Amino acid sequence: MPTPANDAVPVDYETDPGRFAANVLSTARFSSCGDVHPEIAHRLAGCSLVLDVGGGTGALSRLLTRRKTPTVVADLSSHVSRAPGFAVRADVAGLPFRDGTFDGAAALWMLHHVPEPIEALTEVSRVLAPGGVLAVSTSSRWNDPELAWALPRWGRPSSFDAEVAETLLGKVFEVESVRSWDARLVTLPDHDAVALFLRGRGLPEPAARRLAGSVEVPLPLTKRGLVAWARKGA
């Protein structure tokens, strides 16, 4: 299966930091189960050294640090400077680490930004030791169907969405498990919440507020996506 390179979601962390902040805030406020980071941290806590690729400001590394698990955060955006511990500004296509440096890695909510995910996964595999584990997460192209009419990319394939993630991951790693979800896990209680959510999905502030006003609230949202665990062969 060829990777749909032209469907990588554009990176906007530098050009639109408000979008990223709104997304993080809406998840924290309105999700009934939070994000996947605690689940990932729990399993990676047994590793001797973890690489968090695309780890942003360090949501995962903070949890791992509390568990006394050394973690390196690598991210293309300058906001990686806010991550705790060791952080480096780097592209997943050319990680500045020696072969086999890490025994655990995570690539959470980021591979859909990569034009060639298989190349990125191959680079992560390079810096993992034989037998090292990798966690990835991504959303479905059919995520948040209740707001399909307002989300500009809804239903459009990305380079690494839940519909292709397991197949692409299996081209580089041995896939061990996949946990998918398709459930109403978020409830937006009022129009301000809807506006914040839409802002986090990339809409400009005026458009987000205008469209939010036409929604009946409270609004439950169906979340679709997956977490997958894979291992590098010996």
Side-chain angles (χ1 to χ4, degrees), residues 1-5 7-9 35-56 58-61 63-65 67-76 80 83 85-88 90-141 157-181 225-234:
M1 177 185 297
T3 305
D7 282 329
V9 178
D35 212 327
V36 301
H37 297 90
E39 168 191 349
I40 306 301
H42 177 74
R43 180 163 173 183
L44 289 178
C47 295
S48 58
L49 183 60
V50 172
L51 173 64
D52 185 12
V53 184
L60 178 63
S61 64
L63 295 174
L64 286 169
T65 298
R67 294 172 177 266
K68 310 301 183 185
T69 302
T71 306
V72 176
V73 182
D75 196 290
L76 193 58
V80 72
F86 187 80
V88 59
D91 191 334
V92 67
L95 295 170
F97 309 111
R98 295 178 179 176
D99 296 1
T101 299
F102 305 90
D103 62 338
L108 308 180
W109 312 118
M110 56 79 61
L111 286 167
H112 59 285
H113 290 304
V114 178
E116 295 293 345
I118 291 177
E119 292 182 4
L121 290 168
T122 300
E123 179 67 354
V124 173
S125 176
R126 179 187 67 78
V127 302
L128 270 177
V133 295
L134 169 67
V136 303
S137 62
T138 190
S139 297
S140 166
R141 66 190 67 164
S158 75
S159 57
F160 193 87
D161 55 34
E163 285 67 34
V164 299
E166 184 175 358
T167 298
L168 297 180
L169 186 60
K171 291 181 179 295
V172 181
F173 289 89
E174 299 171 2
V175 179
E176 293 192 332
S177 66
V178 177
R179 181 177 70 83
S180 301
W181 52 85
L226 62 78
V227 168
W229 289 91
R231 190 173 297 275
K232 180 177 177 177

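Below, each value reflects all heavy atoms present in this structure, side chains not excepted, and no hydrogens, waters or symmetry copies. All values derive from a computational prediction rather than experimental measurement.
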Q: Output yes when a side-chain donor or acceptor of Ser159 lies under 3.5 Å from a complementary backbone atom of Val114, and no otherwise.
A: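 Yes, the answer is positive, given that a donor and an acceptor are paired below the 3.5 Å cut-off.
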
Q: Are any of the side-chain heavy atoms of Leu169 and Leu134 separated by less than 4.5 Å?
A: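 SC-SC contact between Leu169 and Leu134 confirmed.
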
Q: Just by distance, do the side chain of Ser158 and the backbone of Ala8 share a donor-acceptor pair under 3.5 Å?
A: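 It does not hold such a pair.
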
Q: Report yes if some heavy atom in the side chain of Trp181 is under 4.5 Å from a heavy atom in the side chain of Val227; otherwise report no.
A: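 Counting from C-beta outward, Trp181 and Val227 do come under 4.5 Å.
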
Q: Do you know the tightest heavy-atom contact between Arg126 and Asp99?
A: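 Closest heavy-atom pair between Arg126 and Asp99: NH1-OD1, 2.7 Å.
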
Q: In sequence, state the C-alpha distance, the side-chain angles, and the governing distance for Val164 and Arg141, and then conclude on side chain to side chain contact (heavy atoms under 4.5 Å, CB included).
A: CA-CA 10 Å; Val164 299; Arg141 66 190 67 164; 3.9 Å; yes

Q: Taking side chain as C-beta onward, heavy atoms only, is Val88 less than 4.5 Å from Val80?
A: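 Of all side-chain heavy-atom pairs linking Val80 with Val88, none is under 4.5 Å.
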
Q: Are the side chain of Ser137 and the backbone of Trp109 linked by a donor-acceptor contact shorter than 3.5 Å?
A: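 Flag set: sc Ser137 to bb Trp109 pair under 3.5 Å.
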
Q: Quick one: CG on Leu168 to CD on Glu163, what's the gap to the nearest 0.5 Å?
A: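 Atom-to-atom, Leu168:CG and Glu163:CD are 11.5 Å apart.
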
Q: Measure across Ser48 and Asp103 and return the closest heavy-atom pair with its distance rounded to 0.1 Å.
A: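 Scanning both residues completely, I find the closest heavy atoms to be N-OD2, 3.0 Å.
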
Q: Give me the atom names and distance for the closest heavy-atom approach of Phe173 to Leu121.
A: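 In terms of heavy atoms, the two residues are closest at CE1-O, 3.5 Å.
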
Q: Looking at CG of Leu63 and CD of Glu39, how far apart are the two atoms once the value is rounded to the nearest 0.5 Å?
A: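 With rounding to 0.5 Å, CG (Leu63) is 12.0 Å from CD (Glu39).
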
Q: Donor-acceptor check, side chain of Glu166 to backbone of Val178, threshold 3.5 angstrom: yes or no?
A: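 No; zero donor-acceptor contacts below 3.5 Å.
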
Q: May I ask you to decide if His37's main-chain N or O and Asp35's side chain share a donor-acceptor pair within less than 3.5 Å?
A: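 Absent.
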
Q: Where do Ala74 and Leu51 come nearest, in terms of heavy atoms and distance?
A: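 Ala74 and Leu51 have their closest heavy atoms at CB-CD1, 4.1 Å.
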
Q: Sub-3.5 Å donor-acceptor pair from the side chain of Arg67 to the main-chain atoms of Gly46, do we have one?
A: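 A pair under 3.5 Å: no.
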
Q: Looking just at side-chain N and O atoms, do Asp52 and Thr71 make a donor-acceptor pair shorter than 3.5 Å?
A: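 Thr71 and Asp52 do not have a side-chain donor-acceptor pair below 3.5 Å.
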
Q: For residues Thr69 and Leu44, report the shortest heavy-atom separation together with the two atoms involved.
A: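 What the structure gives for the nearest pair is CG2-O, 3.8 Å.
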
Q: Give me the atom names and distance for the closest heavy-atom approach of Phe97 to Val72.
A: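 Looking at all heavy atoms of both residues, the shortest contact is CZ-CG1, 3.8 Å.
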
Q: Mark yes or no for whether Lys232, through its side chain, and Ser125, through its backbone, hold a donor-acceptor pair below 3.5 Å.
A: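 It does hold such a pair.
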
Q: Going by heavy atoms in the side chains, are Ile40 and Trp229 under 4.5 Å from each other?
A: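 Of all side-chain heavy-atom pairs linking Trp229 with Ile40, at least one is under 4.5 Å.
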
